[in-house]
Amino acid sequence: MPCKDVSIKLSKISRTRFTQRTLLIFYFCFNSNLSKLTRKDNLLEGGDLSNMNVWHTKEGGDAITLLKTSSMVGLSTGEAKRRLSEQGPNKFAEAEIISPVSLFLSQFNDFMIWVLIAAAVIAGLFLKEMVDAIAIFVILFLNATLGFVQEYRAEKAMEALKKMTAPTARVIRGGKESVIAAEDIVVGDIILLEAGDSVPADGRIIDCAVFYIDEASLTGESLPEAKTAEGLSDESLALGNRRNMLYMGTSVKSGRAKAVVTATGRLTEMGKIAESIMASDEKTPLQVELKKVGKTIALICLLICAIVFGVGAWGGKDLSIMFLTAVSLAVAAIPEGLPAIVTVSLALGVQSMAKNNALIRRLHAVETLGSTSVICTDKTGTLTLNKMTVRPIYISNRLVQLDNLIGQPSPEGVSDDLRALFVAASLCNDARLSGGDLVGEPTEAALLKAAMEFGLDKSLLEERLSRVAEIPFDSDRKEMTTLHRASEAFPFAGDFGFVALTKGAPEAVIAQSSTMLIESEMRELNNASREELLSMGESLAAQGYRVMALAFKGVEKEDERDLERDLVFLGLLGLLDPPRKEAYEAIETCKKANIRVVMITGDHKLTAESIAREIGLLVDGLIIT
């Protein structure tokens, strides 16, 4: 209803200003709220749901209903095609591909080049200095050709890198499971994920089991995030805390899940980051300075022309002669060799970087790298390997390093303790060796690797100590237990038919342990010894380690309950994401070049400090949280 008509009607209802204003305020407030409600309803009934940023607060069933799909059947082929035509492919928006001709012409898009072109034209047309004009044009052409060749090679190399991967995804469409190109995924698709998969789009988890996601590429956290299908109530949760959501570009470390796609392409969280990066087109410091130089030279040339021409005209000289003289001086003052010298210098820098496996897309970026005085770097995956590794081991009241155990004879009475510890680490574990690579959640993969380094083969152990049951890890219990048929492969199985192996948080495992294995003897755990174990766990955690505790229990029957009570404590394992070997040399190189290196990470302060000190980054430096 138009505002004018509303005012007329309201004035008829009441002639008093107070009443009229009151009714107007009421009307517009009501109308505003009504419009908000209407917009919300339209959104839920069929608007653009792909940009709805509160999916983590919806129950799985509600998300499926809103997206008009089915968890069992998925989208029909026809509906998927229709949505694909509406939403576009599931890929990031890419910058417009520059043709070779455009790339070549872009080499002339510089103020200094424009000044030189103007100088060449003036030299040829007005001064009849064809040799100078041709020389300037030849220099400009060679300069543009050199720049074009370097940047064209870089663009082709980037295209080749993009084509090296052609990701696919498993989806349910029309009630059938199929594998499709990841870019054909649409909002509403039901995707299936398991260990080793890359997440192809943002989605809301419908169902999952022991599901861990590595979100380091998005959040910087080195440890995988345990995921759930339960709804969350807080709309303002940060991405890293939305435990029922999946995000494009992250990877599955363990478990399995079914999810409904809520966003694709540029509307995903990774897509938003990609767009923000593409939107940034800042000039390098060298380009800024060259532009200033070009403008300065142009102004000086114009000033020279004006002064010479003015003085000559004032002295009664022929105006045409004075004009040519002034222009000649201006052209002579222009450094036509400057762009060529700059381009050749940058090209040499690009080639030098290429020999060190660094691809530079734009020539001027090389100078920016050369001017760097501070480098801000992430920790996870940059300074570190992003692979958890077992380091300290606390067993039989001894703290030893894994590296010192490998290939060395164990102290008397401790060899069986260590074997039991690593058997438990290997079997109470869902990580596996596939094609020479460790597949699974990083912590479990690290435990399995440590057991392998100790000389244990998981496949052989599984033959002799076959798993018959398990209690999966639970965030409330903070532990996992597997039940195996007993054999001599586990030193302390005794006459029991089965052995239960438990791993988890120190406080959980220690609380449920009644004895501790010390030099092949089972000694009772009292309050003092429990406090000592907890203190050791806290000490390792304070040094930046993730601490895992292991224990076992002999069991008579396969269906016996209370597998996680009266445990025999085996020991503690400290895990850390170790620094890259090349990080040490890189830090020292930066120091010699007077480049300050700053590490920025989302990890715990003590973990960051431990890594920084180890690689020589933090000596007398400052730590800010």
Side-chain angles (χ1 to χ4, degrees), residues 209-210 226 228 254-255 393-397 416-430 441 443-444 447 451 461-462 464-538 540-541 546-575:
V210 198
T228 179
S254 68
I393 298 173
Y394 185 74
I395 187 170
S396 295
N397 288 333
D416 284 344
D417 297 23
L418 281 169
R419 180 175 176 80
L421 178 74
F422 285 116
V423 167
S426 178
L427 294 181
C428 186
N429 194 324
D430 289 325
E441 193 268 331
T443 299
E444 293 197 324
L447 295 177
L461 287 175
E462 287 178 328
R464 303 171 68 185
L465 293 158
S466 59
R467 184 188 297 191
V468 295
E470 68 176 281
I471 306 175
F473 176 84
D474 182 272
S475 57
D476 294 327
R477 292 173 25 254
K478 298 181 180 180
E479 55 192 352
M480 167 188 180
T481 297
T482 55
L483 184 65
H484 304 262
R485 296 189 185 280
S487 77
E488 71 283 358
F490 190 82
F492 306 101
D495 296 328
F496 293 102
F498 300 89
V499 59
L501 306 176
T502 299
K503 81 167 186 298
E507 63 271 19
V509 177
I510 292 171
Q512 297 183 10
S513 298
S514 58
T515 55
M516 177 180 178
L517 193 64
I518 300 178
E519 297 182 0
S520 300
E521 293 183 9
M522 297 183 193
R523 301 181 186 178
E524 185 179 353
L525 271 178
N526 53 35
N527 290 334
S529 53
R530 281 194 175 89
E531 287 297 326
E532 184 178 341
L533 290 174
L534 288 172
S535 177
M536 176 55 66
E538 291 172 359
L540 292 175
R546 186 182 189 190
V547 185
M548 299 295 293
L550 291 114
F552 79 96
K553 178 182 180 180
V555 178
E556 294 284 354
K557 299 178 293 184
E558 182 177 342
D559 58 352
E560 188 166 333
R561 298 181 180 181
D562 297 331
L563 294 179
E564 295 175 342
R565 284 189 184 178
D566 297 324
L567 302 176
V568 180
F569 187 81
L570 288 171
L572 299 172
L573 297 175
L575 300 98

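- L517 has its side chain out of reach of L421: every pair of non-hydrogen atoms, C-beta onward, lies at least 4.5 Å apart.
- Taken from CE in M516 to CD1 in I510, the straight-line distance is 8.5 Å, to the nearest 0.5 Å.
- Side-chain atoms of R467 never come within 3.5 Å of backbone atoms of E462 as a donor-acceptor pair (strictly under, hydrogens ignored).
- The CG atom of L483 lies 8.5 Å from the CD1 atom of I471; values are rounded to the nearest 0.5 Å.
- Distance check: E524 CD to S514 OG gives 8.0 Å after rounding to the nearest 0.5 Å.
- If you check the side chains of S529 and N526, you find a donor sitting under 3.5 Å from an acceptor.
- A donor-acceptor contact under 3.5 angstrom links the side chains of D417 and S396, judged on distance only.
- The side-chain heavy atoms of I393 and F422, taken from C-beta on, include a pair separated by under 4.5 Å.
- Taking each heavy atom of Y394 and E532 in turn, the nearest pair found is OH-OE2, 3.6 Å.
- Contact annotation: the side chain of V499 never approaches that of F492 to less than 4.5 Å [non-hydrogen atoms, C-beta and beyond].
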### Task
Given side chain to side chain contact (heavy atoms under 4.5 Å, CB included), test M480 with V210 step by step and report yes or no.
CA-CA 10 Å; M480 167 188 180; V210 198; over 6 Å; no
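- The CG atom of L563 sits 12.0 Å away from the CD atom of E470 when rounded to the nearest 0.5 Å.
- Look at E564 and K553 and you find no salt bridge, because none of the NZ, NE, NH1 or NH2 atoms lies under 4.0 Å from a carboxylate O.
- Using a 4.5 Å heavy-atom threshold, the side chains of L501 and F552 count as touching.
- Distance check: H484 NE2 to E558 CD gives 12.0 Å after rounding to the nearest 0.5 Å.
- Side-chain contact between K503 and V509: absent, with no pair of heavy atoms (C-beta onward) separated by less than 4.5 Å.
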### Task
Kindly determine whether E556 and F498 satisfy side chain to side chain contact (heavy atoms under 4.5 Å, CB included), including the steps that lead there.
CA-CA 6 Å; E556 294 284 354; F498 300 89; over 6 Å; no
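- For A549 against P506, the heavy-atom pair with the smallest separation is CB-CA, 3.7 Å.
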### Task
Dump the intermediate steps for side chain to side chain contact (heavy atoms under 4.5 Å, CB included) on S426 and L461, then the final yes or no.
CA-CA 8 Å; S426 178; L461 287 175; 3.9 Å; yes
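- The minimum heavy-atom distance linking C428 with T482 is given by the pair CA-OG1, 3.5 Å.
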#### Entry: Worked check of side chain to side chain contact (heavy atoms under 4.5 Å, CB included) between L575 and L447
CA-CA 9 Å; L575 300 98; L447 295 177; 4.2 Å; yes
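- The main-chain N or O of A508 is never found under 3.5 Å from a side-chain atom of R477 such that the two would form a donor-acceptor pair.
- A donor-acceptor pair under 3.5 Å links the side-chain atoms of R530 to the main chain of S513, judged by distance alone.
- Judged by distance alone, with hydrogens and angles left aside, the side-chain atoms of R464 form no donor-acceptor pair with the main-chain N or O of E488 at under 3.5 Å.
- Here the CZ atom belonging to F569 is positioned 11.5 Å from the OG1 atom belonging to T502, to the nearest 0.5 angstrom.
- In terms of modelled atom types and a separation under 3.5 Å, the side chain of N429 and the main chain of E444 share a donor-acceptor contact.
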